[in-house]
2 protein chains.
Amino acid sequence: MTTSQLADRLAVRPASVTAMLQKLAAAEPPLVEYHKSRGARLTEAGQRAALAVVRCHRLLELFLHEKLGYAWDEVHDEADRLEHVVGPAMVERLAAALGHPARDPHGHAIPDADLTPIGPAATLLSALPAGCTAVIDQARDDDPALLRQMAALGLLPGITLTVLAEAPATRVTLGARGATPLELPADLVARVAAEPPEFSTLTNRPSKTMPASPFGPSFF
Amino acid sequence: MTTSQLADRLAVRPASVTAMLQKLAAAEPPLVEYHKSRGARLTEAGQRAALAVVRCHRLLELFLHEKLGYAWDEVHDEADRLEHVVGPAMVERLAAALGHPARDPHGHAIPDADLTPIGPAATLLSALPAGCTAVIDQARDDDPALLRQMAALGLLPGITLTVLAEAPATRVTLGARGATPLELPADLVARVAAEPPEFSTLTNRPSKTMPASPFGPSFF
DNA sequence: TGGCTAATTTAGGCATGGCTAAATCCAGGC
DNA sequence: GCCTGGATTTAGCCATGCCTAAATTAGCCA
Ligand SMILES: [Mn+2]
Ligand SMILES: [Mn+2]
Ligand SMILES: [Mn+2]
Ligand SMILES: [Mn+2]
């Protein structure tokens with residue numbers, strides 16, 4: 001990643017990114033491989049550190065949803081604060097209490113305890129060709145409004161849909177066939193991913209109305 | 001409290017305490033009433049802020065013990081880190097999930113949602129007169145070794161004991177009468193509190209062997 | 001091969017919360 | 001009513017992580 005890509009994602013100034021990259025590259029062991037003015041990449045150790053935080057974050061999200069009754073659009077922010085403070089012992093306790101789950105409420109894959117890297121993302125709804133049938137896999141979890149909108153439309157991970165048209169707007173049908181067609185907002189289809197039914201770990205499995213449940217592969 | 005008392009409790013230099021007291025006194029609203037070179041005291045707002053953190057801390061301790069299977073000597077440190085990051089919504093969710101409990105695993109009172117101040121401490125074992133019968137109420141939770149020692153001796157909140165002798169060492173009998181007498185270490189009796197049976201909210205209620213369970217009044 | 005612009009890094013600051021060392025305060029003791 | 005030693009505050013620093021503004025680099029096009 002380049003300095004400015006990171007600055008954008010982190011909502012921080014490029015100068016701050018440079019400083020942090022230098023620090024992480026100088027750490028023992030180095031967490032990033034930093035080529036000045038060239039960008040940076042996670043080292044093996046850095047990737048493990050990152051996966052540990054992601055594992056913690058997603059377990060927390062699922063815990064808040066499953067055990068404390070949070071709606072799926074409310075869990076991300078709380079998890080974002082807790083993830084940096086929860087100790088390794090508690091992470092494993094949470095995993096055990098949740099039955100070593102594979103997915104968080106938004107369908108994101110939860111890295112396992114040995115921090116094996118996660119596979120690539122599924123396909124965005126906006127990239128599905130017309131006529132295609134796919135299973136909703138996961139959605140960005142950093143936009144509560146998006147998640148509420150999805151829940152209202154019945155667009156939950158595990159749900160199967162068929163694309164009727166891609167342009168000018170994405171029109172889909174939910175449930176295997178012929179139900180009422182839906183027109184999906186452009187910002188929604190750009191942030192929800194789906195997979196071919198035969199790839200999906202878990203086909204069709206709605207949950208409580210507002211909240212969602214565990215499912216499919218990763219993307220962010 | 002004086003500056004140096006605070007410095008001792010917080011394991012911080014007196015100069016740092018002075019700086020923080022000045023800051024808290026200047027806050028809007030002021031959290032402490034600070035008389036320079038004279039010491040400081042919590043304001044109404046400061047007390048509420050403190051009780052909110054204590055409530056969160058104790059709910060977390062109970063949650064870790066009850067729901068995640070932590071032993072009672074392991075919960076304090078984890079709660080100490082989480083307490084500053086858990087949001088108000090999660091505190092109330094925790095309280096609800098735990099059934100709005102009155103005590104944490106060490107017997108400390110959990111402030112209720114409206115942050116009503118907590119009553120004074122029970123009596124230390126070291127202060128009980130010989131012949132006295134009392135119910136274990138609570139113990140300091142910041143010393144895992146003490147808590148493990150208590151569990152090993154069967155000294156859990158809710159347990160009734162009778163003091164046989166105060167000097168040279170504290171000798172007690174557990175259970176209403178005549179079981180095998182125990183000699184209690186001086187550092188233990190200085191950090192465990194008990195109450196007259198008729199004052200105790202909950203008489204006799206041991207729990208899992210190592211871990212403990214919710215009980216009696218407060219002290220720190 | 002320059003030169004120009006956009007990306008990046010450096011330089012210099014700010015706020016937080018801590019520390020040490022040097023004043024300063026104050027309460028007793030004489 | 002002073003004197004003095006312990007308590008307290010002030011002064012001056014440090015590390016973190018972030019910021020702005022000023023260099024510096026790098027890549028692309030003439
Ligand atoms: Mn998230
Ligand atoms: Mn998620
Ligand atoms: Mn505690
Ligand atoms: Mn406690």
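Letters go in sequence order (proteins before strands), and every chain restarts at 1.
A side-chain donor-acceptor contact under 3.5 Å links A/Glu61 and A/His57.
Regarding B/Lys23, its NZ atom lies at a distance of 12 Å from the P atom of C/dA15, rounded to whole Å. Summarising the geometry, the separation between NE2 on B/His84 and P on C/dT16 is reported as 18 Å, rounded to the nearest angstrom. Note: CZ (B/Arg13) to C1' (C/dA22) measures 15 Å, nearest angstrom. To the nearest angstrom, C1' of D/dT16 lies 8 Å from CE of A/Met20.
For B/Asp143, the salt bridge (charged side-chain N to carboxylate O under 4.0 Å, His left out) partners two or more places apart in sequence, or in a different chain, are B/Arg191. The salt bridge (charged side-chain N to carboxylate O under 4.0 Å, His left out) test applied to B/Arg48 returns no partner, not counting sequence neighbours.
Between B/Arg148 and B/Trp72 the shortest side-chain heavy-atom distance does not fall below 4.5 Å.
In terms of modelled atom types and a separation under 3.5 Å, the side chain of B/Gln47 and the main chain of B/Glu44 share no donor-acceptor contact.
In this structure, D/dA30 forms a base pair with C/dT1, meeting either the Watson-Crick or the G-U wobble geometry with both donor-acceptor distances under 3.5 Å.
Residues A/His76 and A/His106 place their aromatic rings such that the two centres sit no closer than 6.0 Å.
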*How does protein contact run along nucleotides 8-13 of chain C, one letter per nucleotide 5' to 3', with B for base contact, S for sugar-phosphate only, - for none, heavy atoms under 4.0 Å?*
SBB---
